[in-house]
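What you see below is based on every heavy atom in this structure, not just the backbone, and it leaves out hydrogens, waters and symmetry mates.
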Amino acid sequence: LIGVIALVSLISFSQARKVKKYPPVVAFRKGIGNHHFKHNYLALEQTKYLFQVRLAIKRALGSIKQNIIIAVCVCVATFAMMFSVILYGCCGEKQNGIKKMTGFEMSDITIDITHSISGEKLKKELLKRPEVRKVNLTHTYINVALGDLDVLAMVYPDYKEVENINFYEGRMPIYDNEIGITGALAKNLGKEIGEYIELQYGDYCGTYLITGITQSMINNGTTLYFTEESVKMINPSYQSNELGVYFNEGVDKKAFIASLKEEYGQSVEDMRKQSEDSSMSQEERIKAKSEAKIAALMSSYGIDSMDYAIMVDGKLIKGSSKNFGIYNITDMEEYVQTNIGAYIQGINWGCKMIIAVSAIVVIIIIVMLIKASITRQRMELGIYKSMGYTTVQLMLQIAMSIMPAVCVGTIIGISTALCVSASILSVAFSVIGITQMMIDVSVIQVVLLAMSIIGLSFVTTLVSSYKIKEISVYEQARSEER
């Protein structure tokens with residue numbers, strides 16, 4: 001009897017030990033287990049660390065279709081965001097891309113001088129001022145004949161001094177027989193670097209070697225670039241009459257321009273405006289109109305100097321052109337804003353709207369997928385709760401399970417945008433003469449965008465998965481009984 005009891009007990013205990021192999025999840029499944037005969041690379045039995053991460057990866061591998069949808073959506077949204085960031089970098093507040101595309105040098109201010117003052121002398125005097133970083137004898141526009149075309153040409157004494165003109169093929173012109181050309185004009189003429197073009201200015205002709213190709217928004221992108229020595233081959237009397245002034249940081253432009261007018265006299269343009277002011281006295285109006293007339297003659301006929309004297313009611317009013325050393329002063333930032341500021345503002349707002357809409361789309365898609373996933377896995381999540389998992393732990397599991405898809409989509413979207421944005425923008429801006437768009441984006445901007453998208457997706461998933469708190473183990477058990 002004792003032997004039988006011992007044998008039955010031994011058999012009973014040996015069979016009862018199998019209960020240890022049935023975790024609660026199998027019990028809730030009524031004995032149905034997961035049969036997987038391949039090697040388990042994410043085994044949990046012996047795991048002591050990163051338990052939550054392993055469960056998240058398992059959940060991700062079990063929701064391949066959902067993660068593919070998330071990756072594709074994030075990729076498209078990221079591409080749109082990165083493209084907008086690149087476009088905003090070109091046309092944003094600093095307008096670095098716009099400056100490189102204009103085709104002319106963008107100093108802080110430009111000073112057009114009259115024939116009564118020497119450009120070199122004024123340059124040396126301006127360089128002595130503490131506000132000034134650099135002064136260049138800068139571009140002058142002339143029109144030259146290129147076969148049947150009337151082409152705008154720009155002249156710079158030294159292209160090594162310019163900061164906004166970039167030759168994306170070849171090099172800048174240096175010698176007196178060399179010239180730079182825009183990509184749009186080169187394409188129109190069928191010319192390449194190393195070939196020659198023949199130009200005519202008045203009765204003079206000259207043959208020039210193309211050394212570099214750049215781009216310009218001026219004259220629909222059909223522009224030539226001379227050095228001061230090379231332009232004198234077809235225009236021997238050429239003389240630069242414009243200065244580009246570059247300021248140090250924190251300089252008040254208006255105060256600097258006011259000091260220039262105080263030292264060198266009112267500009268010709270200012271005198272024209274003052275002559276129309278009706279609030280002045282008779283003597284002031286006569287003087288202003290006389291000087292405006294001199295300004296007009298100097299501007300139209302290139303007169304170097306003039307004197308005038310007028311007798312009015314026994315009083316002699318006199319003056320001379322010595323007061324007109326400056327023809328005009330232009331704030332280049334205001335000049336750009338006046339001409340294309342509205343377009344730039346529209347592009348900037350468009351970029352911001354695209355970024356905002358893309359972010360909203362990512363949020364909506366993640367919210368919809370996570371809610372559907374929770375509804376579909378309600379029983380499984382209830383089982384996890386019965387095993388002691390808290391709502392926060394399950395929320396983190398779900399959030400971490402979609403992070404690989406979000407990261408892959410973000411990387412692909414950003415990489416694609418960086419690779420193709422320049423080509424897309426070049427095609428879009430080709431109507432104004434741009435042949436090779438120069439994007440201006442920093443590594444910091446790329447990293448911040450990637451982190452923002454990943455962070456937004458993670459937070460959205462956490463918030464969406466808070467619905468797990470409503471899942472009750474008791475309700476799940478009752479629903480199974482029914």
Side-chain angles (χ1 to χ4, degrees), residues 100-107 110-115 118-120 123 135-244 299-304 327 432-436:
K100 292 177 182 178
M101 292 189 298
T102 54
F104 60 87
E105 185 64 0
M106 291 281 291
S107 53
T110 59
I111 304 174
D112 295 320
I113 57 176
T114 63
H115 296 284
S118 166
E120 286 291 344
K123 177 181 177 180
V135 180
N136 286 338
L137 279 167
T138 185
H139 70 276
T140 304
Y141 299 108
I142 64 171
N143 284 79
V144 298
L146 176 55
D148 297 331
L149 298 175
D150 186 24
V151 181
L152 183 69
M154 306 182 70
V155 184
Y156 290 90
D158 187 358
Y159 284 89
K160 293 179 182 178
E161 295 293 328
V162 300
E163 297 180 0
N164 303 124
I165 299 177
N166 300 279
F167 287 82
Y168 60 83
E169 285 186 32
R171 63 168 174 81
M172 61 191 71
I174 300 174
Y175 303 107
D176 60 3
N177 68 329
E178 296 179 346
I179 197 169
I181 189 172
T182 56
L185 184 57
K187 184 179 180 181
N188 186 22
L189 298 173
K191 296 289 185 179
E192 297 181 354
I193 294 173
E195 297 188 35
Y196 289 87
I197 57 174
E198 187 174 336
L199 303 174
Q200 184 176 356
Y201 182 80
D203 296 329
Y204 292 89
C205 293
T207 302
Y208 294 91
L209 174 67
I210 300 174
T211 61
I213 298 178
T214 183
Q215 56 191 350
S216 170
M217 295 170 63
I218 304 170
N219 200 31
N220 292 324
T222 55
T223 312
L224 297 171
Y225 292 85
F226 286 99
T227 64
E228 191 167 347
E229 295 302 320
S230 63
V231 77
K232 288 181 178 179
M233 288 179 62
I234 57 175
N235 184 8
S237 62
Y238 170 82
Q239 182 180 358
S240 179
N241 62 348
E242 186 169 312
L243 293 173
S299 173
S300 301
Y301 301 103
I303 296 173
D304 292 333
Y327 177 74
I432 57 172
I434 301 303
T435 51
Q436 184 169 321

Looking at [X] and [Y], what are the two nearest heavy atoms and their distance?
{"X": "Ile213", "Y": "Ala186", "value": "CD1-CB, 4.4 Å"}
{"X": "Glu198", "Y": "Thr207", "value": "CG-OG1, 4.1 Å"}
{"X": "Gly180", "Y": "Pro173", "value": "N-CG, 3.8 Å"}
{"X": "Ile234", "Y": "Val144", "value": "CD1-CG1, 3.9 Å"}
{"X": "Tyr159", "Y": "Met154", "value": "OH-O, 3.8 Å"}
{"X": "Met172", "Y": "Lys160", "value": "SD-N, 3.7 Å"}

*Return each pair, listed once, that meets ring pair (Phe, Tyr, Trp, His ring centres under 6.0 Å) where at least one residue sits in residues 168-211; pairs must be two or more places apart or across chains.*
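Applying ring pair (Phe, Tyr, Trp, His ring centres under 6.0 Å) to every pair that reaches into residues 168-211, excluding sequence neighbours, yields Tyr208-Phe226.
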Gap between atom [atom2] of [Y] and atom [atom1] of [X] - 0.5 Å precision:
{"X": "Ser107", "Y": "Glu161", "atom1": "OG", "atom2": "CD", "answer": "13.0 Å"}
{"X": "Asn136", "Y": "Thr110", "atom1": "CG", "atom2": "OG1", "answer": "12.0 Å"}
{"X": "Ile210", "Y": "Ile197", "atom1": "CD1", "atom2": "CD1", "answer": "5.0 Å"}
{"X": "Glu228", "Y": "Asp176", "atom1": "CD", "atom2": "CG", "answer": "12.5 Å"}
{"X": "Thr182", "Y": "Leu152", "atom1": "OG1", "atom2": "CG", "answer": "10.0 Å"}
{"X": "Met233", "Y": "Asn177", "atom1": "CE", "atom2": "CG", "answer": "6.5 Å"}

*asked:* Can you confirm whether Leu189 sits close enough to Ile181 that some side-chain heavy atom of one is under 4.5 Å from a side-chain heavy atom of the other?
replied: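 Result yes, sub-4.5 Å side-chain heavy-atom pair found.
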*Would you check if Val151 and Thr223 make a side-chain contact, meaning some heavy-atom pair closer than 4.5 Å?*
no
_Taking atom CD as the centre, does Glu195 end up with more than 12 heavy-atom neighbours from other residues, nucleotides or ligands that are less than 6.0 angstrom away?_
yes
*Assign the ring pair Tyr225 / Tyr156 to parallel, tilted or perpendicular, where the plane angle (0 to 90°) is split at 30° and 60°.*
parallel
_CA sep, side-chain torsions, deciding dist, call: Thr227, Glu178, side-chain contact (heavy atoms from CB on, under 4.5 Å)_ = CA-CA 8 Å; Thr227 64; Glu178 296 179 346; over 6 Å; no
*Test salt bridge (charged side-chain N to carboxylate O under 4.0 Å, His left out) applied to Glu163 - qualifying residues, sequence neighbours left out*: Arg133, Lys134
_Candidates Leu185, Thr222, Asn188 - the one meeting side chain to side chain contact (heavy atoms under 4.5 Å, CB included) with Leu146_ = Leu185
